[in-house]
Amino acid sequence: MVKHVVLALCLDRLNAKPAPYRYFDTHAGIGAYDLEGDEAERSPEWKDGVGRVWNAERSAPDDVRAALAPWLNVIQGMNAAGLRHYPGSPMIASRMLRDLDAIRLCELHEPSAQLLREAMGRDKRMKIEQRDGFEALPAYLPPPERRGLVLVDPPFEVAQGARKADFDWMLKAARGALKRWPQGVYVFWRPVKDVAAVADFDAELASMLIEDGGLAPEKILAVDLWVREIGEGPLSGAGVVIANAPFGVAEHLRAAMPWLCEQMKQGAGAGWRVESPAMAS
Ligand SMILES: C[S@@+](CC[C@H](N)C(=O)[O-])C[C@H]1O[C@@H](n2cnc3c(N)ncnc32)[C@H](O)[C@@H]1O
């Protein structure tokens, strides 16, 4: 959920300038989720996430509402009669980008790619490819518009032993992408399950962004929320690293995260952070 709040905030900032830009999603998923569908019935975690935020948002302080507005506007636009449809990253992009902007989506798995096509419908701004997003990324960069955002959101499937592999793939993808397009906005999602592994990943990514990409440390932000003590058992936290975070995004997130954490916490040890991994002590 934090990744979608971040994504919507970054797209909102990109929309502040009239020049066109491009959105690239390496792991697009199925586009949108039916919260009353079988899948959501089987794993109703959304009730403790977006469900709680949806119910409490009207009484949130103004600065929190301003921070959540780009994301909540998309959800509200899909849910005139109560919360039922949840937008994935492709749907957030499709609803926020303008006519002149471009959308490129990669989804490796056939059934998901099919659902994605159905969810997104016909859209002349959009191209959907059923292929490996990590492999596809270099060929897409730099985008012809020279402005834009790349979301890297791999599944981190533990069952397939892919958790470590996804960290490694993300670093490899980041290295290749940065060489081609250091000016892009990048959002890298990762679970917060193993604090040491996340700290190592963030530190390596930050030094790459600074040394290879020439980014200033304050343009790199780690944004995490955990709803209970981090440790064994079900995933308690997740977040993103943003590279080239657009102006104003950090302030919005610092306003929203304490409130989001308060709404979503599920016991002792919940917490959040918004900080530069290159400047964290
Ligand atoms: C976490 S989901 C993406 C969610 C989506 N970005 C969103 O926010 O709504 C990860 C997706 O990546 C797909 N996937 C797995 N490996 C992939 C790869 N190498 N390239 C592209 N897609 C992949 C999975 O099928 C799954 O749909």
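Numbering starts at 1 and runs along the sequence shown. None of the values given here were measured: they were computed from a predicted structure.
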Shortest non-hydrogen separation from [X] to [Y] and the atoms involved:
X	Y	result
Glu145	Pro20	CB-O, 3.5 Å
Gly148	Leu14	C-CD1, 4.2 Å
Met96	Asp12	CE-N, 3.6 Å
Glu36	Asp34	N-OD1, 2.9 Å
Leu235	Val192	CD1-O, 3.9 Å
Val5	Leu68	CG1-CD2, 3.9 Å

Item to check | Non-neighbouring partners of Ala56 that pass side chain to side chain contact (heavy atoms under 4.5 Å, CB included), sequence neighbours left out | outcome: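 With sequence neighbours excluded, Ala56 shows a side chain to side chain contact (heavy atoms under 4.5 Å, CB included) to Trp259, Gln263, given in chain and number order.
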
First locate atom [atom1] of [X], then atom [atom2] of [Y], and finally report the distance between them rounded to the nearest 0.5 Å.
X	Y	atom1	atom2	result
Asn244	Leu178	CG	CG	8.5 Å
Ile220	Ile210	CD1	CD1	4.0 Å
Gln76	Trp71	CD	CH2	10.0 Å
Leu105	Arg117	CG	CZ	9.5 Å
Asp25	Met126	CG	CE	10.0 Å
Phe188	Asp166	CZ	CG	13.0 Å

May I ask you to test the [X]-[Y] pair for a side-chain heavy-atom distance under 4.5 Å?
X	Y	answer
Lys47	Arg52	no
Pro154	Met170	yes
Ile128	Glu107	no
Val185	Arg13	no
Asp48	Met264	no
Trp272	Pro258	yes
Leu171	Met208	yes
Tyr21	Asn15	yes

Item to check | Partners passing side chain to side chain donor-acceptor pair (under 3.5 Å) against Gln183 (at least two apart in sequence or in another chain) | outcome: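 Residues passing side chain to side chain donor-acceptor pair (under 3.5 Å) with Gln183: none at all.
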
Checklist entry - Should the pair Trp189 and Phe156 be assigned to parallel (<30°), tilted (30 to 60°) or perpendicular (>60°) ring geometry? => result perpendicular

[X] (side chain) donor-acceptor with [Y] (main chain) under 3.5 angstrom:
X	Y	result
Trp226	Gly269	yes
Ser236	Val227	no
Arg22	Arg104	no
Asp63	Ala256	no
Arg125	Ser94	yes
Asn79	Ile75	yes

Item to check | Stepwise side chain to side chain contact (heavy atoms under 4.5 Å, CB included) test for Arg254 and Val274 | outcome: CA-CA 6 Å; Arg254 287 196 179 98; Val274 177; 4.1 Å; yes

Next on the checklist: According to salt bridge (charged side-chain N to carboxylate O under 4.0 Å, His left out), who are the partners of Asp200, at least two apart in sequence or on a separate chain?
Outcome noted: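 Per chain and number, Asp200 pairs via salt bridge (charged side-chain N to carboxylate O under 4.0 Å, His left out) with no residue.
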
Next on the checklist: For Leu97 and Tyr23: C-alpha separation, side-chain torsions, deciding distance, then whether side chain to side chain contact (heavy atoms under 4.5 Å, CB included) applies.
Outcome noted: CA-CA 8 Å; Leu97 268 67; Tyr23 170 71; 3.8 Å; yes

Using residues 26-33 as the side-chain source, report each donor-acceptor pair under 3.5 Å to any protein atom, sequence neighbours left out, with the distance given to one decimal.
residue	atom	partner	partner atom	Å
Thr26	OG1	Leu151	O	3.2

For residues 130-140, which side-chain donor-acceptor pairs fall under 3.5 Å, sequence neighbours excluded?
residue	atom	partner	partner atom	Å
Gln130	NE2	Leu108	O	3.2
Asp132	OD1	Phe134	N	2.8
Asp132	OD1	Glu135	N	3.2
Tyr140	OH	Glu129	OE1	2.3

Item to check | Derivation and outcome, side chain to side chain contact (heavy atoms under 4.5 Å, CB included), residues His252 and Val249 | outcome: CA-CA 5 Å; His252 275 312; Val249 166; 5.8 Å; no

Checklist entry - So, Asp62 and Arg65, do they make that salt bridge, N to O below 4.0 Å? => result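 Arg65 and Asp62: not salt-bridged.
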
Next on the checklist: Does Glu275 form a side chain to side chain contact (heavy atoms under 4.5 Å, CB included) with Leu221? I'd like the steps, not just the answer.
Outcome noted: CA-CA 5 Å; Glu275 64 189 8; Leu221 279 184; 5.9 Å; no

Checklist entry - Does Met78 share a hydrophobic cluster with Leu116, counting links as ILVMFWY side-chain heavy atoms below 4.5 Å and allowing steps through other members? => result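 Yes; tracing contacts between hydrophobic side chains, which count when under 4.5 Å, links both residues.
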
Checklist entry - Tell me the salt bridge (Lys or Arg N to Asp or Glu O under 4.0 Å) pairs involving residues 202-217, sequence neighbours left out? => result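 Of all non-adjacent pairs touching residues 202-217, those that pass salt bridge (Lys or Arg N to Asp or Glu O under 4.0 Å) are Arg190-Asp202, Asp202-Arg273.
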
